[in-house]
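Bear in mind the structure is a predicted one, so any value in this text is a computation, not a measurement. Just so you know, ligand 1 is whichever comes first in the structure, and atom 1 is the first atom listed for that ligand.
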Amino acid sequence: MKRQQIAAGNWKMNKNYTEGRQLAKAIADGMDESENLAILGVPATHIKAVSGIVKKVANLEVAAQNCHQAESGAYTGEISVSMIKSVGAKYVILGHSERREYFNEGHELLAAKVNTVLGKRLIPIFCCGEPLAIREAGTHVAHVKKQLEDSLFHLKKNAFSKIIIAYEPIWAIGTGVTASPQQAQDMHKAIRALLADKYGATVADGTSILYGGSVKPANAKEIFGQPDVDGGLVGGASLKAADFLQIIHSF
Ligand code: 13P
């Protein structure tokens with residue numbers, strides 16, 4: 001099975017509503033129907049409008065950047081998966097290192113969020129990745145293995161096969177330092193081997209594993225060209241239509 005190649009953008013907390021609509025429109029206008037899937041991870045306030053804009057492009061979709069684990073209830077300020085789904089997003093980014101670090105999201109909470117997203121038939125884009133100290137200590141594979149075991153490996157094979165994984169080494173996020181194509185390939189290959197051990201080769205071969213961390217138009221082609229890298233989760237460079245389009249065109 002050929003796995004899906006994906007260029008996903010994570011806008012984080014950037015762009016007001018007007019700017020967000022303009023950016024989404026410019027990306028939609030620049031996309032060619034024959035291209036791989038592209039996903040825009042937009043602020044919750046923008047999902048409905050951006051969903052409307054991307055609807056005319058078959059291979060462009062919208063992701064939320066977070067959700068609450070409960071289906072509904074007294075959680076002031078939070079957003080449920082049903083709400084996200086009702087405004088047109090098909091994907092939810094979960095476990096981003098910024099959420100883990102600044103909002104104390106731990107593995108149990110993330111496992112609950114994964115279950116809720118899958119329960120509503122949306123697709124988690126599950127982020128994992130190590131900080132610099134772990135990379136320097138050489139224990140990065142074990143670190144990522146634990147992240148996967150703790151928040152994903154409770155899933156049955158069928159449920160797991162829906163998941164998209166994003167490997168994002170924290171030391172490469174927003175720093176301008178990119179993992180080398182070889183470092184990305186080595187980690188993606190290690191992740192795929194972990195998936196094969198747990199779920200078998202068919203599931204492992206079918207799972208898209210995206211690389212995130214300072215992906216730019218200048219380096220996307222080489223990174224995406226690695227055999228186990230199935231695309232990218234892009235922060236800063238997804239905020240400029242021309243840059244993100246060039247990344248989309250890099251496969
Ligand atoms: P940058 O592309 O800005 O390094 O961000 C990566 C990221 O965090 C995507 O989720």
Side-chain angles (χ1 to χ4, degrees), residues 5-15 19-20 23-24 27 36-44 46-47 50 61-67 84 89-103 105 110 113-114 117 123-132 134-135 140 143-144 147-148 151-152 163-181 183-184 187-188 191 208-224 226 229-251:
Q5 296 197 297
I6 305 168
N10 177 7
W11 294 5
K12 309 190 180 183
M13 197 174 73
N14 294 294
K15 303 288 176 191
E19 293 163 346
L23 176 57
I27 292 165
N36 292 316
L37 177 63
I39 302 172
L40 307 180
V42 307
H46 303 15
I47 294 174
V50 172
E61 298 288 352
V62 179
Q65 298 175 11
N66 181 35
C67 66
I84 288 166
K90 297 206 176 129
Y91 300 83
V92 185
I93 298 170
L94 291 177
H96 194 282
S97 58
E98 289 150 18
R99 299 239 28 116
R100 292 177 192 261
E101 183 178 350
Y102 306 137
F103 303 95
E105 294 201 359
L110 292 173
K113 290 188 179 196
V114 165
V117 170
I123 299 174
I125 300 174
F126 182 83
C127 303
C128 55
E130 78 287 354
L132 185 60
I134 297 282
R135 168 63 65 163
H140 41 286
H143 181 87
V144 167
Q147 290 178 320
L148 300 177
S151 299
L152 293 181
I163 300 269
I164 295 168
I165 290 177
Y167 167 61
E168 300 205 310
I170 297 170
W171 45 272
I173 295 177
T175 56
V177 178
T178 319
S180 69
Q183 284 174 318
M187 183 55 113
H188 284 225
I191 291 172
S208 298
I209 307 176
L210 314 183
Y211 168 80
S214 300
V215 174
K216 307 275 181 244
N219 59 26
K221 212 181 189 75
E222 203 186 350
I223 296 172
F224 296 176
Q226 301 302 311
V229 178
D230 307 308
L233 180 56
V234 185
S238 74
L239 296 172
K240 281 196 194 137
D243 285 1
F244 192 56
L245 281 166
Q246 220 178 309
I247 290 169
I248 293 171
H249 302 325
S250 296
F251 290 100

**Message:** How about NZ on Lys90, more than 12 heavy atoms from neighbouring residues, nucleotides or ligands closer than 6.0 Å, or not?
**Reply:** no
**N/O separation below 3.5 Å, Val234 to ligand 1** = no
**Asked** Does ligand 1 have any atom sitting under 4.0 Å from a heavy atom of Lys12?
**Response** yes
**Prompt:** Backbone, side chain, both or neither: what part of Leu233 comes under 4.0 angstrom of ligand 1, heavy atoms only?
**Reply:** both
**Close side-chain approach of Asp243 and Lys216, heavy atoms under 4.5 Å** = no
**Request:** Pick one of side chain, backbone, both or neither for how Ala237 approaches ligand 1, counting any non-hydrogen atom pair under 4.0 Å.
**Result:** neither
**Item:** Geometric N/O contact Glu98 with ligand 1, under 3.5 angstrom
**Value:** no
**Asked** Identify the closest protein heavy atom to atom 7 (C) of ligand 1: which residue and atom is it, and at what distance?
**Response** Glu168 OE2, 3.2 Å
**Sub-4.0 Å heavy-atom contact, Ala172 with ligand 1** = yes
**Complete:** Which of Ile93, Ile125, Leu210, Val62 passes side-chain contact (heavy atoms from CB on, under 4.5 Å) with Ile39? It is Ile125
**Item:** Element-labelled atoms of ligand 1 that are located less than 4.0 Å from some non-hydrogen atom of Gly213
**Value:** 4 (O), 6 (C)
**Item:** Contact atoms of ligand 1, heavy-atom distance to Ser214 under 4.0 Å
**Value:** 1 (P), 2 (O), 4 (O)
**Message:** Among Gly129, Pro169, Gly174, Gly235, which one puts a heavy atom closest to atom 4 (O) of ligand 1?
**Reply:** Gly174
**Asked** Do any N/O atoms on Thr175 end up under 3.5 angstrom from N/O atoms on ligand 1?
**Response** no
**Prompt:** Considering only heavy atoms of Gly236, which atoms of ligand 1 have at least one such atom less than 4.0 Å away?
**Reply:** 1 (P), 2 (O), 3 (O)
**Item:** side-chain contact (heavy atoms from CB on, under 4.5 Å) evaluation trace for Ser214 with Val177
**Value:** CA-CA 6 Å; Ser214 300; Val177 178; 5.6 Å; no
**Request:** Give a yes or no on whether Glu19 atom CD has more than 12 heavy-atom contacts from other residues, nucleotides or ligands under 6.0 Å away.
**Result:** yes
**Message:** With no hydrogens and no angle check, just 3.5 Å: does a side-chain donor-acceptor pair link Glu168 and His96?
**Reply:** yes
**Prompt:** So Phe224 and Phe251, would you call those rings parallel, tilted or perpendicular, with 30° and 60° as cut-offs?
**Reply:** parallel
